[in-house]
2 protein chains.
Amino acid sequence: MTKRTFNVERFFQALGDNTRLRLLNLIGEQEICVCYLVEILGGPQPKISRHLAYLRSAGIVSARREGKWMHYRIVMPPHIGAAQILKQTLGWLKDDKSMQADRVRLTKACCSPSKYALLDGAPLPIPVQEASCKEC
Amino acid sequence: MTKRTFNVERFFQALGDNTRLRLLNLIGEQEICVCYLVEILGGPQPKISRHLAYLRSAGIVSARREGKWMHYRIVMPPHIGAAQILKQTLGWLKDDKSMQADRVRLTKACCSPSKYALLDGAPLPIPVQEASCKEC
DNA sequence: CATTCGCATTCGTCAAGGCGTATACATAAA
DNA sequence: TTTATGTATACGCCTTGACGAATGCGAATG
């Protein structure tokens, strides 16, 4: 709704921030509620929200409202080249130590959301495409 | 000499600017003199120099002095993931219309440098690795 | 030497963007 | 209709970085 034309500069700029890379890593192949992202990244909620807005404006993620919860998922850019780079980047993140740690913490949070004040009653992430969540 | 440790954010930020993408596209698999880059991009020389400095600090290019001429070439980042993304990006640029036009103009300049005031007497680009320049 | 040439850096200005804080908005619950 | 909850936006502050213009610096040339 915001950015109609895909912008290459904007695309790379969106990837040039560690918080946004962490968000993309956590979202991965799921459609995930914002509250999980806030919980795992640990920062103030507006910070997360602003970075998600940036990713939206860059056309890298899309949002869906479900009641009072917002679900985010990664959308592949229209340009084949950009899509390949995004996939490659996500794969790259999987090999990163701190990114792996983030995902482990997300998995734990998913398995027992009631232990986290922010997550009590929150909807679980929904795998998209053919991906499956072995742990949960 | 400037940045010792490779920085992921810095890497993507370096790619998030059209002038720098044009520079990387022109350098490609050659070791090329700055004067060509100034000639093709057409802007003021300090602008080109500043962007080249940015790419250097991000560890994406390296510079070599030869007399009064400076030659730039692309260096692959130490991280395999980053290297793959850089290669993919360079390939992506090859498919872009305006980037192709830049390369055509570079080829023309290489074939008759004497026609350009800035390039009279300038050293020709030197292909690196196994790449060959069919046109020149 | 001084000059010229190729390129890099500095300076001042301005816009973009990151952060924390406060607030607005949307939905659901009471 | 009020209140609470989840999320987004607005605001002020500060840093980064892009630009044009001017200047600095190394290497060749006279």
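In this text the structure is predicted, and so the values were computed from the model without any measurement.
- Where A53(B) and T19(A) meet DNA chain C, the nucleotide closest to each residue was compared, and A53(B) sits on the side nearer the 5' end.
- R65(A) has its CZ atom 5 Å from the C1' atom of dA26(C), to the nearest Å.
- Close to dT16(D), at under 4.0 Å from its OP1 or OP2, lies no side-chain N or O of Q13(B).
- Partner of R22(A) under the side-chain hydrogen bond (donor to acceptor under 3.5 Å, both in side chains) criterion, chosen from D102(A), D17(A), D96(A): D102(A).
- By the rule that hydrophobic residues join a cluster once side-chain heavy atoms approach within less than 4.5 Å of another member, L90(B) and F6(B) end up as members of one cluster.
- Contacts of residues 43-52 of chain A with DNA chain C (heavy atom under 4.0 Å): P44(A), P46(A), K47(A), R50(A), H51(A).
- Transitive grouping of hydrophobic side chains (ILVMFWY, heavy atoms separated by less than 4.5 Å) brings M76(B) and V8(B) into a common cluster.
- The cluster map of Ile, Leu, Val, Met, Phe, Trp and Tyr, joined by side-chain heavy atoms under 4.5 Å apart, puts Y54(A) and V75(A) in different clusters.
- Residue R10(B) contributes atom CZ, which lies 17 Å from atom P of dT15(D) at whole-angstrom precision.
- If you measure from atom CD of E9(A) to atom P of dA16(C), you get 13 Å, rounded to the nearest angstrom.
- Distances shown here put a side-chain N or O of R56(B) below 4.0 Å from the OP1 or OP2 atom of dT9(C).
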Test log, rule side-chain contact (heavy atoms from CB on, under 4.5 Å), inputs I74(A) and L55(A)
CA-CA 9 Å; I74(A) 294 178; L55(A) 289 171; over 6 Å; no
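- For H71(A) and dT7(D), the NE2 to P distance is 8 Å, given to the nearest whole Å.
- With a 4.5 Å cut-off on side-chain heavy atoms, W69(B) and V34(B) do not count as touching.
- Remark: P of dC5(C) and CD of E39(B) are 16 Å apart, rounded to the nearest angstrom.
- If you measure from atom CH2 of W69(B) to atom C1' of dC5(C), you get 9 Å, rounded to the nearest angstrom.
- The nearest whole Å value for the distance from the NZ atom in K68(A) to the C1' atom in dC25(C) is 14 Å.
- If you check the side chains of S62(B) and R56(B), you find no donor sitting under 3.5 Å from an acceptor.
- For the OP1/OP2 pair of dG6(C) and a distance below 4.0 Å, the side-chain nitrogens and oxygens of Y72(B) include no atom meeting the criterion.
- Following rounding to the nearest Å, E66(A) (CD) and dT27(C) (P) show an atom-to-atom distance of 13 Å.
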